[in-house]
Amino acid sequence: MFDTDDVPSNPTLNPHLGEMIGTRLSRRGLIGGALAATVVSFMATSSLGVSAAVAGDNDNDNDNGDDDNDDDNDHDRHRPLLGFTGIAPSTDDTIRVPDGYTWDVLVPWGTPLFAGITWKEDASNTAAEQAKQVGFNHDGMHYFPLGEGRRGNRRGVLVLNHEYTDASQIYTAAQGSAITPDDAGKEKVAKALAGHGVTVVEVAQLSDGTWTHVVGSSYNRRITGTTPMSFSGPVTASHPALASAITPTPRGTLNNCANGSTPWGTYLTCEENWNGYFGTDDATFVPTALEARYGVSKAGFGYNWHKAEPRFDLAVNRSEVHHYGWVVEIDPSSPTSTPVKRTALGRIKHEGATVVESRGRVVVYTGDDENGDYLYKFVGDRKWREHRARRRSPLDHGTLYVAQFDALGNGAWLPLVHGNGPLTVANGWLDQADVLIRTRQAADAMGATRCHRPEWVAVNEHTRDVYVTFTNGSGNTAPVNSGRDPNPYGHVVRIQEAGSDNTSLSFTWDIYVVAGDPFYDPSVPAGQTLFGSPDGLWVDDDGRVWIQTDISNSSQNLASRGYDNIGNNQMLVGDPATGEIRRFLTGPRGCELTGITITPDQRTMFVNIQHPGESTNYWNGLNGGAPTTANPTTVSTWPYHEGRRPRPATVVIRKLDGGKIGS
Ligand code: FEO
Ligand code: CA
Ligand code: CA
């Protein structure tokens with residue numbers, strides 16, 4: 001995989017703020033600290049519980065929330081927040097965790113979800129079988145407890161994304177990785193499509209403390225690149241830009257990166273680098289301005305699906321690209337429900353969709369992960385419970401905003417509303433659906449601030465502080481981009497909304513941490529724990545900031561990229577009160593760490609190991625070449641070793657003394 005996110009497609013001259021000199025350093029004294037009055041609500045309207053990862057309702061409207069988990073979740077403020085000894089960087093082909101912790105593998109790629117299917121070690125499972133097995137390249141994830149109180153800590157429904165497939169790993173040696181315009185090619189595209197999407201799987205803790213998946217559970221489900229979808233909000237499936245003879249009913253969700261979960265018990269999966277699946281052999285194809293703004297091109301990312309599947313051929317089906325770039329809502333309590341693309345949240349390369357409540361309304365933060373693109377948030381127009389009581393989706397009614405960061409640590413949310421500012425009929429904007437289909441261009445017109453690849457967003461439920469990973473980037477010295485150009489290591493931006501109200505339209509911001517290696521970059525504080533390319537991000541109920549890294553496989557472990565001291569991708573934990581960051585977990589070779597969720601009692605954590613063993617320049621060079629279908633093990637044999645092929649998987653982390661993870 002080449003690093004497709006590094007190719008900017010934003011042609012605007014939106015604020016560089018490049019005249020400002022130096023990095024805007026942390027204003028830790030200004031934000032964070034004071035605890036906002038918060039009433040945590042656990043009222044769920046699906047039959048699944050809502051875990052502590054959904055931020056509480058702070059409108060004090062005395063709903064019938066069941067807050068009996070609160071005592072359990074209150075951290076003893078007299079103890080240090082980080083109670084473990086940080087571990088060293090590692091280049092080993094395994095997982096390392098601190099002393100006192102243990103890890104186990106759960107639901108690796110290909111795990112059968114239903115009886116009658118067997119995992120085939122040579123990758124000979126068919127597309128039809130793959131559609132009933134756990135997908136490939138696990139990403140964002142959420143644990144929905146099953147049952148009230150303690151029972152929900154031991155049994156739940158895990159919902160996880162599958163971002164993309166690696167051709168060198170999902171096909172047999174005889175199949176090879178090339179896509180041919182025949183039935184063999186069709187079967188290979190079908191298998192890739194079946195490896196994408198979402199897995200819904202029941203999981204349970206056994207008496208020895210380990211976890212297992214439940215084969216044949218009535219909750220188990222695969223949602224793939226071919227599952228029928230519906231559209232809701234201002235953009236409908238019958239919109240002229242979407243209408244397609246090949247897929248009159250929209251099919252599938254693709255490149256499912258990070259995620260969110262709603263207070264009513266549903267899961268949000270986000271479509272990120274969907275443009276890469278499309279291509280054409282038609283030499284006359286020229287992308288429109290809209291297509292080009294989203295990186296749609298003849299070659300795509302080289303998947304060549306269009307050779308076997310006309311749905312992905314831009315010259316045959318020009319509408320299909322508009323079916324992607326959305327946030328998709330899934331009800332994990334209803335295995336027959338149709339996933340819904342929630343168009344009011346905009347069409348971008350959504351990294352994630354982090355939901356919080358403020359004044360009873362939903363607020364959804366979402367980054368557009370591309371160098372030079374923007375950070376967005378959606379704010380519901382009234383209390384989500386009022387919409388639900390009227391059988392309307394709270395995600396269909398509200399306003400999408402894009403962030404503007406100034407050089408002084410202030411910011412504003414700019415509404416993307418038809419008729420507002422430049423978004424008028426006179427300027428060619430037809431209606432709100434048009435604004436949303438062309439979200440990136442609407443944000444360009446509004447003067448949003450270009451960012452170094454905004455990835456995950458996490459919110460501290462108590463302080464309401466918002467953290468955003470800017471994974472890396474170049475070409476822009478704006479202070480919010482750390483002032484570094486290039487910025488190969490990335491940083492974490494912290495936003496405090498006015499009045500600690502996430503619906504506010506103004507905010508202050510600072511940089512929580514500048515990542516990197518001070519040996520190569522003197523702007524990184526000496527002695528700071530080494531890491532780079534922060535991506536996954538989550539704040540636990542005690543305020544620990546969990547950071548997962550995604551160093552590109554073109555840079556990982558390489559001195560020439562300033563990454564030789566940092567080791568394999570990893571997960572770290574920060575204490576915002578002290579500024580300290582400790583390394584908690586190191587991953588196997590070629591992987592990234594992504595996806596994080598926890599049981600309500602904070603005693604079991606689930607994280608995902610994505611693309612172990614993927615082509616990685618450093619390891620390819622040492623081990624005799626990039627992995628191929630004939631030899632998929634040149635970079636990694638994790639998790640099972642003994643020469644077996646690498647498999648993306650979920651990892652379950654527990655503390656040996658049964659304590660809270662991180663404490
Ligand atoms: Fe799917 Fe931006 O990582
Ligand atoms: Ca990511
Ligand atoms: Ca990433």
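Predicted, not measured: the structure shown is a model, and the values here were computed from it. Atoms within each ligand, like the ligands themselves, are counted from 1 in listed order.
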*Tell me, please, whether Phe231 has Arg342 positioned over its six-membered ring: NZ or CZ under 6.0 Å from the ring centre and within 45 degrees of its axis?*
no
*When you measure from the centre of the six-membered ring of Tyr294, is the NZ or CZ of Lys349 under 6.0 Å away and within 45° of the axis?*
no
*Could you give me the CA-CA distance, side-chain angles and deciding distance for Arg293 and Asp444, then say whether salt bridge (Lys or Arg N to Asp or Glu O under 4.0 Å) is met?*
CA-CA 10 Å; Arg293 183 65 183 83; Asp444 295 343; 2.8 Å; yes
*Is any N, O or S atom of Glu272 under 2.8 Å away from atom 1 (Fe) of ligand 1?*
yes
*Is there a salt bridge (Lys or Arg N to Asp or Glu O under 4.0 Å) between Arg440 and Asp373 once you walk through the steps?*
CA-CA 8 Å; Arg440 279 185 166 183; Asp373 263 290; 3.7 Å; yes
*Kindly indicate, with the supporting measurements, whether the criterion salt bridge (Lys or Arg N to Asp or Glu O under 4.0 Å) is fulfilled by Arg494 and Asp510.*
CA-CA 5 Å; Arg494 181 168 45 187; Asp510 72 345; 3.1 Å; yes
*Please answer whether the main-chain N or O of Val235 pairs with a side-chain N or O of Thr343 as donor and acceptor at a distance below 3.5 Å.*
yes
*asked:* Quick one: does any side-chain atom of Asn620 pair with a main-chain N or O of Ser615 as donor and acceptor, under 3.5 Å?
replied: no
*Of all the N, O or S atoms in Glu455, which one sits nearest to atom 2 (Fe) of ligand 1?*
OE1
*In Glu351, what N, O or S atom is nearest to atom 2 (Fe) of ligand 1, if we give its atom name?*
OE1
_With 3.0 Å as the threshold, which protein atoms of type N, O or S lie near the Ca ion (ligand 2)? Leave waters out._
Glu351 OE2, Asp535 OD1, Asp535 OD2
*Roughly, to 10 degrees, what angle do Cys257 atom SG and Glu163 atom OE2 form around atom 1 (Fe) of ligand 1?*
100°
*Hey, is atom 2 (Fe) of ligand 1 within less than 2.8 Å of some N/O/S atom on Asp369?*
yes
*Go through the side-chain N and O atoms of Thr269 and Asn256 and say whether any donor and acceptor fall under 3.5 Å apart.*
yes
